[in-house]
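Structure record follows, encoded as C-alpha cells.
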Amino acid sequence: MQAVILVGGEGTRLRPLTSTVPKPVVQLVDRPFIAFMLDWLRGHGVDDVVMSLGNLADGVRAVLGDEQPGLRLRYVEEPRPLGTDGALKFAEDMLDERFLMLNGDVLTDIDVTAQLRAHEASGARATLALYPVDDPSAYGLVRLNEDNSVREFVEKPAPDQIDTNNISAGVYVLQKDILDLLTHGEPASIERDVFPELVANGLYGHVSHGYWKDIGTPERYLEATFDILEGSVATEVSKRLGSAFTCVEDGVRNAGRIVPAALVEAGVTIGEDARIGGRAVLERDVTIGEGTTIEGAVVMQGATIGAHCVLRNCIVAAHATIGDHCYIDGQAVIGEGVQIGPNNQVTNGARLFPGVVLGDGALLF
Ligand code: GDD
Ligand code: MG
C-alpha cells in the first residue's frame, strides 16, 4: 500500500520549535515526530511512502535519510508552496491508482485498514477518516448523510456553522482520478478546492475510533507528549516505559527524584533535591540544577536549567540555558539556544525565538 505524507507546511503555530527544525522532525518524546506516523502506517501494510516536502526540506531528508525499515521512501520537493493539493498533483507521476494521503502532523492509532475496507465497499473516490473533537473550529468539519456520503465539508468553520463534532482527521483514501480536477503546477487546497467538488460525487466519510491528535500547536504538542508517556495512544514508546511509565536511560546522574510518567535520556544530570515529573521529558545531555522542579514539561537536548527553578507546562528547545530562580509556565516555548538569565518569569503562552538573550530579572510576563 502506498502513502503520500504532506510535510511541506511552515508549522507557523508551533514556532519557535519550527523556526529551526521542520515540523515533521521536531522531536516528540524520544523520536522525530514523523517516526510515529511511519510506525503506525507500517502496521497497516504501508510499504511505499512518498514524502511531499516544501519548507525546510533538507532538514527532513537529513533526519529520515533514504531508508526506513520495511519501507520504500521517496521525496518530492515543490519549487514553491503549492498547498495541500497542488503538492499531490506535483507528485502525480509516482502515485498508484489508490493510495493513502496523510497530513504529516497527526499522532494517531486509528484503524486505517477499516477505512480502506469502507472505501472499497462504498466504491468512493475519496474516503475521509472522521474523528469527533470538542471544538471543530481549527479543523475541517464534515457533515455526513445516512449512507456515510459527505453532505458538506467546511474548512475552519465559523462558530455558527458548527453542528457536528466530526472533523476530517487528515487521513484520506484517494483514487488517483480525483487529480483530474486540478491543473499541474498551480497552488490548490484539497480541503477548499477538491473536497467540496466531490460532495455527492464520490466523497465518503468513515468515523474512526482510537487516538487522534494534530500536534501543530504547543498545547497539543504537550498533550501528545503526555499521552505517549501515559500510554493513552498505542506507540512503540510504551514498550520502553513499561508498567512504571518511566524510562531512565543508562548514563544518567540523578541526585534528585524522578516521578512517573517520565523519560530521562542518557547524559542527563539532575541536581540534589530536584524533582522531575510527573509527565516530564528530559532529552539527551540536559542539566537540571538543585532544587528545581520540572513537571508537565519537555526539556530538549543539551539544555541547561539552573537551580531552584520551576518549569511547568512548557517546552524548552535544544541548547537553551535558563538561570537560577526562574519560573516558566503557561505553555511558554523557549526557542533553541535562547539564554534566560536568573530571576525571570515566563508564562502566558510567551514564545522566545532563537537569538533571544534575557538579562537578570528582565521579564515578568
Ligand atoms: N507539501 C506541502 N505543500 N505540504 C503542505 C503545504 C504545502 O504547500 N501546506 C500544508 N502542508 C502540509 C503540512 O505540513 C501539514 O502536514 C498538512 O499539510 C496540513 O497542514 P496544516 O497547516 O497542519 O493544516 P491544518 O492542521 O490547519 O488543517 C488540516 O488538518 C486538519 C487535521 O489536522 C486540514 O486538512 C483540516 O481539514 C483537517 O481537519
Ligand atoms: Mg495541522
Side-chain angles (χ1 to χ4, degrees), residues 3-15 17-18 21-26 28 32-34 36-38 41 49-57 59-61 74-92 94-95 100-108 110 126 128-143 150 152-157 161-162 164-172 174 182 185-196 198-199 203 205 207-208 211-221 223-224:
V4 182
I5 310 183
L6 292 182
V7 288
E10 289 188 42
T12 327
R13 288 161 292 185
L14 205 49
R15 283 184 191 151
L17 295 183
T18 46
V21 180
K23 183 162 71 168
V25 293
V26 165
L28 181 63
F33 168 70
I34 199 78
F36 288 98
M37 291 196 79
L38 296 179
L41 290 170
V49 171
V50 177
M51 291 276 176
S52 167
L53 302 174
N55 184 54
L56 300 176
V60 178
R61 279 180 219 261
R74 288 174 291 173
Y75 299 97
V76 271
E77 191 175 332
E78 303 151 25
R80 64 195 167 101
L82 290 173
T84 47
D85 214 37
L88 189 62
K89 184 81 177 168
F90 194 70
E92 189 167 14
M94 295 184 174
L95 301 178
L100 298 172
M101 174 164 150
L102 306 125
N103 287 348
D105 61 351
V106 293
L107 175 70
T108 183
I110 61 172
L128 317 177
L130 307 185
Y131 193 84
V133 296
D134 291 340
D135 177 10
S137 59
Y139 305 102
L141 174 137
V142 183
R143 300 191 181 108
V150 172
E152 214 166 349
F153 186 101
V154 189
E155 184 64 19
K156 310 284 188 288
Q161 292 178 297
I162 298 175
T164 170
N165 294 103
N166 278 338
I167 58 118
S168 164
V171 177
Y172 322 121
L174 302 178
L182 297 166
E186 277 182 21
S189 149
I190 196 163
E191 298 88 348
R192 296 181 196 276
D193 301 325
V194 174
F195 292 152
L198 288 175
V199 168
L203 186 63
V207 179
S208 300
Y211 181 94
W212 181 89
K213 194 174 290 288
D214 175 323
I215 57 123
T217 67
E219 181 182 15
R220 295 193 230 124
Y221 173 92
E223 287 168 1

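If you read the sequence from its start, that first residue is 1, and numbering goes on from there. Order of appearance sets the numbers: ligands from 1, and atoms from 1 within every ligand.
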Show me which atoms of ligand 1 lie under 4.0 Å from any heavy atom of K23. 23 (O)
Find all atoms of ligand 1 within a distance of less than 4.0 Å from any non-hydrogen atom belonging to G140, and give their numbers and elements. 36 (C), 37 (O), 38 (C), 39 (O)
What distance separates L107 CG from K213 NZ, expressed to the nearest 0.5 Å? 8.5 Å
With a 4.5 Å limit on heavy-atom distance, are the side chains of D135 and V133 in contact? no
Taking distance alone, with no angle check, do G54 and ligand 1 share an N/O pair under 3.5 Å? no
Is Y172 close enough to touch ligand 1? Criterion: a residue heavy atom under 4.0 Å from a ligand atom. yes
Please enumerate all residues that pass ring pair (Phe, Tyr, Trp, His ring centres under 6.0 Å) together with F36, with sequence neighbours excluded. none
One finds that the ligand 1 atoms under 4.0 Å from a non-hydrogen atom of V7 are 14 (O)
For the atom pair CG (L102) and CD1 (I5), what is the distance rounded to the nearest 0.5 Å? 5.5 Å
Within this structure, what is the CG-CG distance for the pair D105 and L28, rounded to the nearest 0.5 Å? 12.0 Å
Winner among E191, E10, K156 once heavy atoms are compared against atom 25 (P) of ligand 1: K156
Looking at D214, the N/O/S atom that lies nearest to the Mg ion (ligand 2) is called OD2
Nearest non-hydrogen partners of I190 and T84, listed with the distance: N-OG1, 3.0 Å
Is the closest heavy atom of Y131 to ligand 1 under 4.0 Å? no
What protein heavy atom lies closest to atom 15 (C) of ligand 1? Include the residue and the distance to one decimal. L6 O, 3.8 Å
F153 heavy atoms within 4.0 Å reach ligand 1 at atoms 37 (O)
What are the atoms of ligand 1, with element, lying closer than 4.0 Å to any heavy atom of G104? 16 (O)
Contact partition for K213 relative to ligand 1, non-hydrogen atoms under 4.0 Å: neither
The answer for which part of I5 has a heavy atom under 4.0 Å from ligand 1 is neither
Between E92 and K89, is there a salt bridge with N-O shorter than 4.0 Å? yes
Please identify which atoms of ligand 1 are closer than 4.0 Å to at least one heavy atom of L82. 8 (O)
For ligand 1, the portion of F90 having any non-hydrogen atom under 4.0 Å away: neither
Side-chain contact, heavy-atom cut-off 4.5 Å: P187 with R80? yes
List the steps, then state whether side-chain contact (heavy atoms from CB on, under 4.5 Å) holds for L128 with L203. CA-CA 8 Å; L128 317 177; L203 186 63; 4.0 Å; yes
Among all protein heavy atoms, pick out the one at the shortest distance from atom 26 (O) of ligand 1; state its residue, atom name and that distance to 0.1 Å. D214 OD2, 2.9 Å
Taking only heavy atoms of W212 into account, list the atoms of ligand 1 that are under 4.0 Å away from them. 32 (C), 33 (O)
Could you identify the single nearest non-hydrogen protein atom to atom 37 (O) of ligand 1 and state the distance to 0.1 Å? E155 OE1, 2.6 Å
Would E191 and S189 count as having a side-chain donor-acceptor pair, cut-off 3.5 Å? yes
Distance from atom 24 (O) of ligand 1 to nearest protein heavy atom, with residue and atom: R13 NH2, 4.0 Å
So F195 and F153, would you call those rings parallel, tilted or perpendicular, with 30° and 60° as cut-offs? tilted
Out of P24, G83, G11, whose heavy atom sits nearest atom 8 (O) of ligand 1? G83
Polar proximity ligand 1 side, A169 side, N/O cut 3.5 Å exclusive: no
Atom 10 (C) of ligand 1 has as its nearest protein heavy atom G9 CA, 3.8 Å
For the residue pair D134 and N165, what are the closest heavy atoms and their distance? O-ND2, 3.7 Å
Which protein heavy atom lies closest to atom 2 (C) of ligand 1, and at what distance to 0.1 Å? E78 OE2, 3.1 Å
Atom 4 (N) of ligand 1 sits nearest the protein heavy atom G8 N, 3.0 Å
Parallel, tilted or perpendicular: which fits the ring planes of Y131 and W212, with parallel below 30° and perpendicular above 60°? tilted
Quick check on atom 30 (O) of ligand 1 - does any protein heavy atom sit closer than 4.0 Å to it? yes
From the options T217, V106, N103, select the one whose nearest heavy atom is closest to atom 17 (C) of ligand 1. N103
OH of Y139 to CD1 of I162: how many Å apart, nearest 0.5 Å? 11.5 Å
Output, in order, the C-alpha distance, side-chain angles, deciding distance and verdict of side-chain contact (heavy atoms from CB on, under 4.5 Å) for L88 and L95. CA-CA 9 Å; L88 189 62; L95 301 178; 4.0 Å; yes
Please identify which atoms of ligand 1 are closer than 4.0 Å to at least one heavy atom of A87. 1 (N), 2 (C), 3 (N)
Test item, S168 contacting ligand 1 (heavy atom, 4.0 angstrom): yes
Non-hydrogen atoms of V60 and P24 that approach each other most closely: CG2-CG, 3.9 Å
With the Mg ion (ligand 2) as the point of reference, which N/O/S atom of D105 is the closest? OD2
Just need the protein heavy atom nearest to atom 23 (O) of ligand 1, so name the residue and atom and give the distance. D105 OD2, 2.8 Å
Positive for side chain to side chain contact (heavy atoms under 4.5 Å, CB included) with F33, one of I215, L14, V21: I215
